[in-house]
Amino acid sequence: MDHSRHPPLMIHELTEENLNGAMIYGDRNQEIGKVSHLHGTGPSAQVVIEVGGFLGIGRKLVSVNLATLEFMRDENGHVHAATDWTKADLERMPEHKHH
């Protein structure tokens with residue numbers, strides 16, 4: 001997938017409604033996780049990413065700052081994000097715990 005052809009989301013589009021379930025693509029264009037939910041709003045929001053697992057079993061949730069991900073739409077209008085991280089990078093992050 002050539003992310004350079006996908007228009008970035010505008011700040012007002014960075015909402016939980018638009019980002020929930022969005023696939024996260026890492027280095028080498030591999031699927032490394034998907035958005036579970038957000039904490040907060042706007043550029044300072046925390047994005048909780050679901051990493052690994054199958055059908056919810058063995059998954060891990062990690063939290064990253066929204067500004068560290070590039071959210072965009074593909075030619076079919078699907079929202080996704082790109083980052084330089086690998087799946088292993090996400091798996092090494094501390095697990096996100098709900099308070």
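Since the model is a prediction, treat every value here as computed from it, not as a measurement.
Using modelled atom types and a 3.5 Å distance limit, the side chains of His3 and Asp74 yield no donor-acceptor pair.
Taking the ring centroids of His80 and Phe71, they lie at or beyond the 6.0 Å cut-off.
Atom OG1 in Thr83 sits 7.5 Å away from atom CD in Glu70 (nearest 0.5 Å). Here the CG atom belonging to Asn18 is positioned 8.0 Å from the CG atom belonging to Leu14, to the nearest 0.5 angstrom. The distance from atom NZ of Lys87 to atom OH of Tyr25, rounded to the nearest 0.5 Å, is 13.0 Å. One distance of note links CE of Met72 with OG of Ser4; it measures 9.0 Å at 0.5 Å rounding.
Val62 places none of its side-chain heavy atoms less than 4.5 Å from the side chain of Glu95. Looking at heavy atoms from C-beta onward, Val79 lies in side-chain contact with Leu19 at the 4.5 angstrom threshold. The shortest distance between side-chain heavy atoms of Lys60 and Glu50 does not fall below 4.5 Å. Between Asp27 and Trp85 the shortest side-chain heavy-atom distance does not fall below 4.5 Å. Considering only heavy atoms from C-beta on, Leu61 stays 4.5 Å or farther from Ile49 through its side chain.
Residue pairs that meet the salt bridge (Lys or Arg N to Asp or Glu O under 4.0 Å) test with at least one member in residues 5-23, sequence neighbours left out, are Asp2-Arg5, Glu13-Arg73.
Remark: Thr68 engages no residue in a side-chain hydrogen bond (donor to acceptor under 3.5 Å, both in side chains) (not counting sequence neighbours).
At a threshold of 4.5 Å between side-chain heavy atoms, the hydrophobic network of Ile, Leu, Val, Met, Phe, Trp and Tyr places Met23 and Leu90 in two separate groups. Cluster membership check: Leu9 shares its hydrophobic cluster with Val64, using side-chain heavy-atom separations under 4.5 Å among Ile, Leu, Val, Met, Phe, Trp and Tyr.
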Could you tabulate the donor-acceptor pairs under 3.5 Å formed by side-chain atoms of residues 32-40, not counting sequence neighbours?
unit_1	atom_1	unit_2	atom_2	d
His37	NE2	His39	NE2	3.3
His39	NE2	His96	NE2	3.2

